[in-house]
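This report refers to the structure that appears directly beneath it.
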Amino acid sequence: LPLAWAVRHGVEGISVKRVWQGVYFWAGLQSASGSFPQYGRYDCDFAATAFSSYAIAAALGYLRQDCPNQTSLDHTLDCLYRSGKWLSKNNERVYSNQQVAAALALLELSLLIDEPNFACAAREKVEAICDPPQKSLFLEKKGFDLGYSTLSLEMLARYFRRTPRCGQR
């Protein structure tokens, strides 16, 4: 994502080709289920899927028009669609920051590929985080963590900046 931003803003020494090579590498890691691994080629990880899908979707916002060819863009959008389907069906109950990352990824995907179901799934994830039955807002392993809570707040801010105002909190 930072490299895509740098290319878009004319930072010297960073090529569009190099950024797209990273996108292709990411796409090659995706499992048939739509998830991405964290540790090994064949594991299925919520955090890796949520954070990487957000980063790629946001990067495409900067670089979509610079894609080398339509086939590559279509393949990348298909990978994002499959990760969105996977994130829509799965939830992270222990780590709040990962659930918020999934919501942000789904929102970006809904805006990028015009899939309203992803926006609904994102809203459900945010509502589940913002309306918890526990006393502390962001729990990590059933306790408070300042670092992860800060990350959760950052991603929630990004989420609310990107959502339409009508009907939203």
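Values below: every heavy atom of this structure, side chains too, minus hydrogens, waters and symmetry copies. In this text the structure is predicted, and so the values were computed from the model without any measurement.
- The OG atom of Ser35 sits 10.5 Å away from the CG atom of Leu29 when rounded to the nearest 0.5 Å.
- A distance of 9.0 Å separates CZ in Phe51 from CG in Leu104, rounded to the nearest 0.5 Å.
- Residues Tyr81 and Ile113 share a closest heavy-atom pair of CD1-CD1, 3.8 Å.
- A side-chain donor-acceptor contact under 3.5 Å links Thr49 to the backbone of Phe36.
- Within the model, atoms CG of Leu151 and CG of Leu156 stand 9.5 Å from one another, a figure rounded to the nearest 0.5 Å.
- Taking CG from Asp78 and OG from Ser83, the interatomic distance works out to 10.0 Å, rounded to the nearest 0.5 Å.
- Nearest approach of Ala4 to Tyr62, heavy atoms of both residues: O-CB, 3.9 Å.
- Shortest non-hydrogen contact noted between Ala27 and His75 is CB-NE2, 3.9 Å.
- Checked against Leu77 for a side-chain contact (heavy atoms from CB on, under 4.5 Å), the options Leu60, Leu109, Ile56 give a single hit: Leu60.
- Rounding to the nearest 0.5 Å places OH of Tyr54 at 5.5 Å from CG of Leu1.
- Rounding to the nearest 0.5 angstrom, the gap separating the OG atom in Ser53 from the CG atom in Leu112 is 11.5 Å.
- A pairwise comparison of heavy atoms in Ser15 and Arg18 identifies OG-N, 3.1 Å as the closest pair.
- Counting only distance, with no hydrogens or angles, the side chain of Glu108 and the backbone of Ala57 share no donor-acceptor pair below 3.5 Å.
- Contact record, Val100 with Ser152: CG1-O, 3.8 Å, taken as the closest heavy-atom pair.
- With Lys125 contributing its side chain and Leu106 its backbone, the two residues share no donor-acceptor pair below 3.5 Å.
- Using modelled atom types and a 3.5 Å distance limit, the side chains of Gln38 and Asp43 yield no donor-acceptor pair.
- Closest heavy-atom contact between Arg82 and Ser31: NH1-O, 3.8 Å.
- Side-chain N or O atoms of Glu92 include one that pairs as donor or acceptor with a backbone N or O of Tyr95 at under 3.5 Å.
- Within the 4.5 Å cutoff, side-chain heavy atoms of Leu73 are placed close to those of Trp20.
- Counting only distance, with no hydrogens or angles, the side chain of Asn91 and the backbone of Arg93 share no donor-acceptor pair below 3.5 Å.
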